[in-house]
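These notes are about the structure you will find just below.
In the text below, chain A, chain B and the rest are named by the order of the sequence lines, each starting its count at 1.
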Amino acid sequence: MGTAISNMLGAGEGNESEHSGVTKLSSSAQWQLHFNGMKDSNQLLVIDFSASWCGPCKSFEPAVRHMAVKFTDVSFVKVDVDELPEVAKEFDVTAMPTFVLMKNGKEVDRIVGAKQDELENKVTKHRGGQ
Amino acid sequence: MAVSGFEGFEKRLELRFSTTNNNPMGLRLIDFESLDQVLNEVQCTVVSAVANHSFDAYVLSESSLFVYPTKIIIKTCGTTQLLKSIRPFIHLARTLSLTLRACRYSRGSFIFPKAQPFPYTSFKDEVVIVEESLPNSLRYRKASVMTPSNNNNNPSRAWHVFTASADVEPDEPLVVVEVCMTELDRVNARSFFRRKGDGKNSDSAGKEMTRLSGIDMINANAFICDFAFDPCGYSMNGVDGDRYSTIHVTPEDGFSYASFECGLSLYDDGHGDISEVLTRAIDVFRPGCVSVATTYGGEDYSHEVTKRVERMLAKKLGLTCRSRLVDEFPGSGTVVFQSFTPRRQYSSPEGGEQ
């Protein structure tokens with residue numbers, strides 16, 4: 001229930017770590033705001049690069065939402081590669097979905113493809129303070 | 001041979017569409033829930049997936065699904081009901097203003113034919129079902145069972161093909177190669193068993209199998225989406241620009257099987273020469289028996305390529321071509337079916353008398 005509401009609210013609504021769910025960043029401004037805000041943070045940021053037409057991404061959405069609800073100490077954001085192509089290019093995204101894990105402004109891991117076990121494994125590994 | 005076991009041999013369906021709208025995404029716009037429902041009918045599910053700018057690739061519980069803007073390829077093994085997907089796919093495509101213009105159904109010979117449900121107990125029945133599901137506009141049709149006559153004791157594995165097309169001229173520029181391997185080398189097959197307490201999950205175990213087996217070197221350019229089944233078994237889809245490849249492995253002794261399939265061009269365009277790619281793929285498994293079915297869609301069939309493949313498999317892997325059959329399918333092109341076994345035939349404990 002919480003995830004449905006947070007998806008409706010969209011991006012940039014206050015402190016993302018307060019509600020569980022995947023936050024969609026739809027504009028360059030929203031992206032910059034969120035990303036810069038996390039640069040000095042120890043909190044794990046998971047960026048889900050996908051596209052509106054991407055079947056494999058859609059097949060994986062329930063699993064990602066479930067993880068976002070489960071790991072409330074992790075920030076999950078979603079970036080559409082057509083809406084924010086420059087960000088997709090910056091992160092060298094060529095296949096989808098691609099999940100980039102960031103901590104303190106640095107990439108710590110990435111998963112390409114809808115790989116449930118792998119994503120869960122890596123989020124668990126990186127989420128603790130390290 | 002075992003009395004019963006998992007059926008590795010796949011049934012393969014390819015549907016090609018023409019578009020009356022201008023959306024470049026075509027079939028990729030079919031929403032996932034609808035695709036999932038079709039897969040449900042076929043009795044399989046998605047276990048892993050990836051997309052790039054050209055197509056969507058799904059690894060299924062029983063093989064693979066590829067969705068291009070105007071083409072669907074679905075390949076399923078075990079006792080799946082593949083042909084149940086034809087009508088729903090045609091219907092979904094129609095909602096996107098896409099019209100079916102060609103269909104191809106192909107398979108090898110089952111290791112456990114009696115374990116198959118109707119209509120897969122007989123190719124004649126399968127053809128009836130496919131024909132009933134297709135619109136009359138696909139008026140160029142042909143069904144053929146390509147049966148090698150062989151002089152050794154290996155079970156004669158035939159290649160079954162049914163094609164239907166709206167045009168008599170083939171339209172697919174790529175060549176499709178379907179390789180079926182049985183009696184896998186036991187040591188090589190061991191790579192595809194999960195090790196107890198390996199601390200891995202299906203994705204990371206799959207990745208390790210890809211690396212250790214050498215599958216990642218078949219086409220070094222391809223991104224590989226792999227998956228390891230428990231307690232054994234492996235599947236992968238390779239994605240390289242608009243080129244797909246797929247491998248499925250049933251490693252158990254007694255009914256071991258591996259398939260390799262890819263779409264490629266006859267001209268070396270940086271993606272790898274057909275005979276080199278085939279050699280590398282077959283070398284991963286060192287099988288006791290291999291068949292290669294090549295469909296030359298739009299290309300003028302070149303006998304030279306067929307001979308080159310035979311020469312390279314003989315030279316690099318000691319495989320002798322025991323049979324070569326060629327047939328023409330209106331709207332689909334030329335199909336060449338080659339069967340190979342090792343030059344030196346050893347008596348195989350699992351294969352019965354030699």
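- L39(B) is not listed as a side-chain neighbour of T45(B), based on a closest heavy-atom distance of 4.5 Å or more.
- For K103(A) (side chain) and V108(A) (main-chain N/O), no donor-acceptor pair under 3.5 Å exists by modelled atom type.
- Contact of V93(A) with chain B is not made at all, since no heavy-atom distance falls under 4.5 Å.
- Only the backbone of Q116(A) comes within contact range of chain B, judged by heavy atoms closer than 4.5 Å.
- Across V239(B), D203(B), V50(B), the residue that shares the most heavy-atom pairs under 4.5 angstrom with chain A is D203(B).
- With respect to the salt-bridge test (charged N to carboxylate O, under 4.0 angstrom), the residues D48(A) and K78(A) qualify.
- For the set E120(A), E61(A), K115(A), the entry with the most heavy-atom pairs within less than 4.5 Å of chain B is K115(A).
- For the pair R280(B) and F260(B), the minimum side-chain heavy-atom distance is 4.5 Å or more.
- You'll find the ring centres of F89(B) and F17(B) outside the 6.0 Å limit.
- Comparing S50(A), C57(A), S59(A) by how many heavy-atom pairs each has under 4.5 Å with chain B, the most go to S59(A).
- Only the backbone of V47(B) comes within contact range of chain A, with heavy atoms under 4.5 Å apart.
- Proximity to chain B (any heavy atom under 4.5 Å) is restricted, for T94(A), to the backbone atoms N, CA, C and O.
- Centroid-to-centroid, the aromatic rings of F6(B) and F229(B) stay 6.0 Å apart or farther.
- Neither the backbone nor the side chain of L35(B) comes within contact range of chain A; no heavy atom of the residue lies under 4.5 Å from a heavy atom of that chain.
- With a 4.5 Å cut-off on non-hydrogen atoms, N237(B) does not touch chain A at all.
- The pair K58(A)-D31(B) does not count as a salt bridge, with every side-chain nitrogen at least 4.0 angstrom from each carboxylate oxygen.
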